[in-house]
Chemist: 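Have a look at the structure that comes next, please.
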Amino acid sequence: MSSSLFNDSGVSIPISDDDSDELGRMRVRVRRKRKKSLHRVNNELTRRVVRFFMKYWMVLVLVFAIGLLVFEATRIGRKPSMIVKTEQGKVTSQLKEFKRPIPDKKSNSTLNRLDPVMKIVHGVKEPCLKMLPPDELENLDLPMNKESSSPIKKVVYLSGNDLPYVGGNSTLSQQPREGTRFNLFTGIQTFDQREESFKVKETAEIHCGFYSEHGGFRISDEDKIYMQNCKVVVSTCAFGGGDDLYQPIGMSKASLRKVCYVAFWDEVTRAAQESEGHNIGDDGFIGKWRIVVVKDLPFTDQRLNGKIPKMLAHRLFPQVKFSIWVDSKSQFRRDPLGVLEALLWRTNSVLAISEHGARSSVYDEAKAVVWKNKATPEEVEVQLTQYRHDGLPEDKRFNGKKALNEASVIVREHWPVTNILMCLWFNEVVRFTSRDQLSFPYVLWRLKVHEKINMFPAKPLKSFLSAD
């Protein structure tokens with residue numbers, strides 16, 4: 001069977017039914033080939049994608065995780081506020097979500113926190129400094145007078161005054177001689193006198209500040225009377241503006257009755273504190289601290305002035321039996337009687353000072369002092385040359401303890417041996433650098449009193465001190 005079609009020119013083109021069927025089959029085959037080709041392309045693409053994920057899945061997960069972290073960081077970092085310009089042209093902030101309180105500049109420190117610093121012993125957490133329970137602290141008494149086992153029984157402090165003072169701290173007239181940073185306050189200690197002062201004798205004669213009544217560090221009579229009535233004292237100082245005064249915390253009622261808290265200031269510090277609203281009360285106190293304003297500081301170097309209350313507490317508080325020195329940068333936050341019991345009485349020690357947290361020897365510390373510009377290389381070299389000449393070993397440990405100390409806290413009993421140790425230490429920082437960590441190990445080594453010194457690890461120090 002056939003049919004015809006006419007084109008535009010009127011010519012007929014015959015098409016049979018068989019031709020029509022063949023044409024249809026060709027079209028079907030073309031469509032099938034196209035479908036198979038598309039199917040093969042899709043299968044190949046799928047296989048490639050699967051192979052890619054199988055090969056690089058870890059990288060893709062890592063990239064996704066990094067992207068998520070970056071997103072979260074940027075989201076957290078964005079302030080929940082928008083900046084708006086006022087009509088006056090000033091920039092202000094409007095909070096859209098919430099208002100965040102302005103953080104205190106000390107919010108990240110441990111100020112006013114009583115939680116103890118812990119250590120792990122055999123898998124169990126224990127406080128680094130084991131204090132007595134509160135009920136025992138309330139009933140804790142000062143130890144009775146005991147006989148000293150030290151060969152040093154009496155200390156005579158050299159004085160340039162014509163009329164020597166006769167009392168608990170007797171004096172001996174001595175004329176000043178040539179020196180370097182020595183002055184009327186210190187007396188002019190010669191090198192021969194220095195060598196003599198390290199010899200252990202039953203009656204020791206030594207320079208120990210307050211050499212002349214014209215040497216400075218003058219304290220009012222009212223403050224002297226208060227200080228002479230103290231039996232236990234926690235002291236600090238801030239000269240030349242200094243640091244803020246942090247109130248002690250964590251005291252027992254017994255300590256509040258028995259312990260004096262004394263802060264030494266100069267006029268510059270008082271003016272700076274008053275400008276910030278910290279005024280001394282009519283009773284001479286700010287909070288728990290008795291403020292003693294010192295006149296006529298003897299040194300131009302404020303670090304050296306600070307060594308006087310730090311090292312010479314036995315000269316400032318003639319009736320005190322126990323003292324705790326605290327650097328002004330720190331807050332004392334434990335019961336002082338409890339600290340004395342833990343570091344002195346329990347260990348049968350006369351002085352407690354923490355080991356250095358970073359270094360172990362004087363010679364390592366000297367390098368750090370120069371590197372941090374705490375002293376000039378020349379003055380440090382003078383000190384180390386003398387110590388090497390005297391035979392100070394480069395050992396990093398004395399009696400199993402670190403040879404280097406951290407002197408931010410000094411806990412001690414006022415005995416002749418500790419008094420002369422502190423005098424020797426003070427004279428060394430006057431003669432050489434003001435960096436007292438360089439001279440303390442030397443003094444210990446020369447005086448040979450290690451068995452009564454509690455050089456405790458640095459970590460317990462954080463249990464009763466918090467730094468700003």
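Predicted model, so just to flag it, every value in this text is computed and none were measured. Note: hydrogens, waters and symmetry copies are ignored here, and every other heavy atom, side chains too, is used.
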Chemist: Could you measure the distance from the OG1 atom of Thr433 to the CG atom of Leu384? Nearest 0.5 Å is fine.
Modeler: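 Rounded to the nearest 0.5 Å, the OG1-CG separation comes out at 8.5 Å.
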Chemist: Determine the interplanar angle of the Phe299 and Phe185 rings, folded into 0 to 90°, and report it as parallel if under 30°, tilted if 30 to 60°, perpendicular if over 60°.
Modeler: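 Geometry flag for Phe185 against Phe299: perpendicular rings.
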Chemist: What distance separates Ile291 CD1 from Thr269 OG1, expressed to the nearest 0.5 Å?
Modeler: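 Between Ile291 CD1 and Thr269 OG1, I get 10.0 Å after rounding to 0.5 Å.
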Chemist: Where do Trp289 and Pro248 come nearest, in terms of heavy atoms and distance?
Modeler: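 Closest heavy-atom pair between Trp289 and Pro248: NE1-CD, 3.2 Å.
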Chemist: Has Glu274 got a side-chain atom pairing as donor or acceptor with Asn279's backbone, closer than 3.5 angstrom?
Modeler: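 Looks like no, no N/O pair under 3.5 Å.
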Chemist: Under 3.5 Å, side chain of Ser354 to main-chain N/O of Glu406, donor-acceptor pair present?
Modeler: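 Present.
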Chemist: Counting distance only, does the side-chain N/O of Asn427 pair as donor-acceptor with the main-chain N or O of Gln189 below 3.5 Å?
Modeler: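 A pair under 3.5 Å: no.
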Chemist: Give a yes or no on whether a salt bridge exists between Glu195 and Arg446, defined as a side-chain N under 4.0 angstrom from a carboxylate O.
Modeler: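 Yes.
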Chemist: Please assess Trp345 against Phe322 for the test side chain to side chain contact (heavy atoms under 4.5 Å, CB included), listing each intermediate value before the final yes or no.
Modeler: CA-CA 11 Å; Trp345 307 336; Phe322 300 93; 3.2 Å; yes
Chemist: Can you find a heavy atom in the side chain of Thr203 that is under 4.5 Å from one in the side chain of Lys153?
Modeler: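 Sidechains of Lys153 and Thr203: no contact.
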Chemist: List the steps and the verdict of side-chain hydrogen bond (donor to acceptor under 3.5 Å, both in side chains) for Ser197 and His207.
Modeler: CA-CA 8 Å; Ser197 67; His207 288 85; over 6 Å; no
Chemist: Taking Arg315 for the side chain and Gly209 for the main chain, is one N or O donor matched with an acceptor at less than 3.5 Å?
Modeler: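 Yes, the answer is positive, given that a donor and an acceptor are paired below the 3.5 Å cut-off.
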Chemist: Are any side-chain N or O atoms of Asn454 and backbone N or O atoms of Leu343, one a donor and one an acceptor, separated by less than 3.5 Å?
Modeler: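 Checking the backbone N and O of Leu343 against the side chain of Asn454, a donor-acceptor pair under 3.5 Å is found.
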Chemist: For a quick test of reading the model, state the closest non-hydrogen atom pair linking Trp325 to Gly306 and the distance between them.
Modeler: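 Reported closest heavy-atom pair: CH2-O, 4.3 Å.
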Chemist: Which atom names give the shortest non-hydrogen contact between Cys423 and Ile206, and what distance separates them?
Modeler: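 Shortest heavy-atom separation between Cys423 and Ile206 comes out as CB-CD1, 3.6 Å.
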Chemist: Between Glu379 and Thr376 (side chain of the first, backbone of the second, donor and acceptor by atom type, cut-off under 3.5 Å), is there such a pair?
Modeler: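 The answer is yes, because a donor-acceptor pair under 3.5 Å joins these two groups.
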Chemist: Hey, are the side chains of Asn419 and Tyr157 touching, using non-hydrogen atoms and a 4.5 Å cut-off?
Modeler: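 Yes, close enough: below the 4.5 Å cut-off.
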Chemist: Considering residues, nucleotides and ligands other than Glu222, do more than 12 of their heavy atoms fall under 6.0 Å from its CD?
Modeler: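 No - once you tally the heavy atoms of other residues, nucleotides and ligands closer than 6.0 Å, there are 12 at most.
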Chemist: Find the distance between CG (Asn229) and CE (Met227) and round it off to the nearest 0.5 Å.
Modeler: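 Taking CG in Asn229 and CE in Met227, the distance rounds to 11.0 Å.
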Chemist: Out of the candidates Gln273, Arg270, Arg290, only one should pair with Ile280 under the side-chain contact (heavy atoms from CB on, under 4.5 Å) rule; please name it.
Modeler: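 Running side-chain contact (heavy atoms from CB on, under 4.5 Å) over Gln273, Arg270, Arg290 with Ile280 returns exactly one hit, Arg270.
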Chemist: Quick check: closest heavy atoms across Ser434 and Leu304, and the distance to 0.1 Å?
Modeler: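 The pair with the smallest heavy-atom distance is OG-CD1, 3.9 Å.
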Chemist: Applying ring-ring contact (aromatic ring centres under 6.0 Å, His included) between Phe440 and each of Trp445, Phe426, Phe432, Trp425, report the one that passes.
Modeler: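 Single ring-ring contact (aromatic ring centres under 6.0 Å, His included) partner of Phe440 among Trp445, Phe426, Phe432, Trp425: Trp425.
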Chemist: Evaluate side chain to side chain contact (heavy atoms under 4.5 Å, CB included) for Leu351 paired with Trp415, printing each intermediate quantity in order.
Modeler: CA-CA 10 Å; Leu351 186 144; Trp415 277 101; over 6 Å; no
Chemist: Leu245 and Ala263: which non-hydrogen atoms are nearest, and at how many Å?
Modeler: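 In terms of heavy atoms, the two residues are closest at CD1-CB, 3.9 Å.
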Chemist: Counting only N and O atoms by type, is there a donor-acceptor contact under 3.5 Å from the side chain of Lys258 to the main-chain atoms of Val232?
Modeler: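 Between the backbone of Val232 and the side chain of Lys258 there is no qualifying donor-acceptor contact (under 3.5 Å).
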Chemist: Looking at every non-hydrogen atom in both residues, tell me the closest pair between Val417 and Ile420 and how far apart they are.
Modeler: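 Result for this residue pair: O-CG2, 3.2 Å.
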Chemist: Salt bridge check: are Asp327 and Lys329 linked by an N-O gap of less than 4.0 Å?
Modeler: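 Salt bridge flag = no for Lys329 with Asp327.
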Chemist: Taking NZ, NE, NH1 and NH2 as the nitrogens, is one of them in Arg388 or Glu381 under 4.0 Å from a carboxylate oxygen of the other?
Modeler: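 So Arg388 pairs with Glu381 through a salt bridge.
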Chemist: Under 3.5 Å, side chain of Arg333 to main-chain N/O of Gly250, donor-acceptor pair present?
Modeler: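 Absent.
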Chemist: Is Lys130 close to Arg346 at the side-chain level, that is, under 4.5 Å between some pair of heavy atoms?
Modeler: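 Touching, per the 4.5 Å side-chain cut-off.
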Chemist: Consider only side-chain N and O atoms of Ser439 and Asp436, and report whether a donor and an acceptor are under 3.5 Å apart.
Modeler: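 Side-chain D/A pair, Ser439 to Asp436: absent.
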Chemist: Measuring from atom NE2 of His314 to atom CE of Met422, what distance do you get when rounded to the nearest 0.5 angstrom?
Modeler: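 Rounded to the nearest 0.5 Å, the NE2-CE separation comes out at 8.0 Å.
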Chemist: With rounding to the nearest 0.5 Å, note down the distance linking NZ in Lys288 to CE in Met251.
Modeler: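 Interatomic distance, Lys288 NZ to Met251 CE, rounded to 0.5 Å: 4.0 Å.
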Chemist: If you measure from the Lys or Arg side-chain nitrogens to the Asp or Glu carboxylate oxygens, is any gap between Lys201 and Glu196 under 4.0 Å?
Modeler: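 Yes.
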Chemist: Could you go step by step and tell me if Leu424 and Arg194 meet the side chain to side chain contact (heavy atoms under 4.5 Å, CB included) rule?
Modeler: CA-CA 8 Å; Leu424 291 169; Arg194 173 183 181 268; over 6 Å; no
Chemist: Is Arg181 reaching over with its side chain to a backbone N or O of Val429, donor-acceptor style, under 3.5 angstrom?
Modeler: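 Yes, Arg181 side chain to Val429 backbone: donor-acceptor pair under 3.5 Å.
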Chemist: Could you state the interatomic distance from CG (Leu340) to OG (Ser255), rounded to the nearest 0.5 Å?
Modeler: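 So the gap between those two atoms works out to 8.5 Å.
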Chemist: Backbone N or O of Leu337 within a donor-acceptor pair of the Asp335 side chain at under 3.5 Å?
Modeler: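 At least one qualifying donor-acceptor pair exists.
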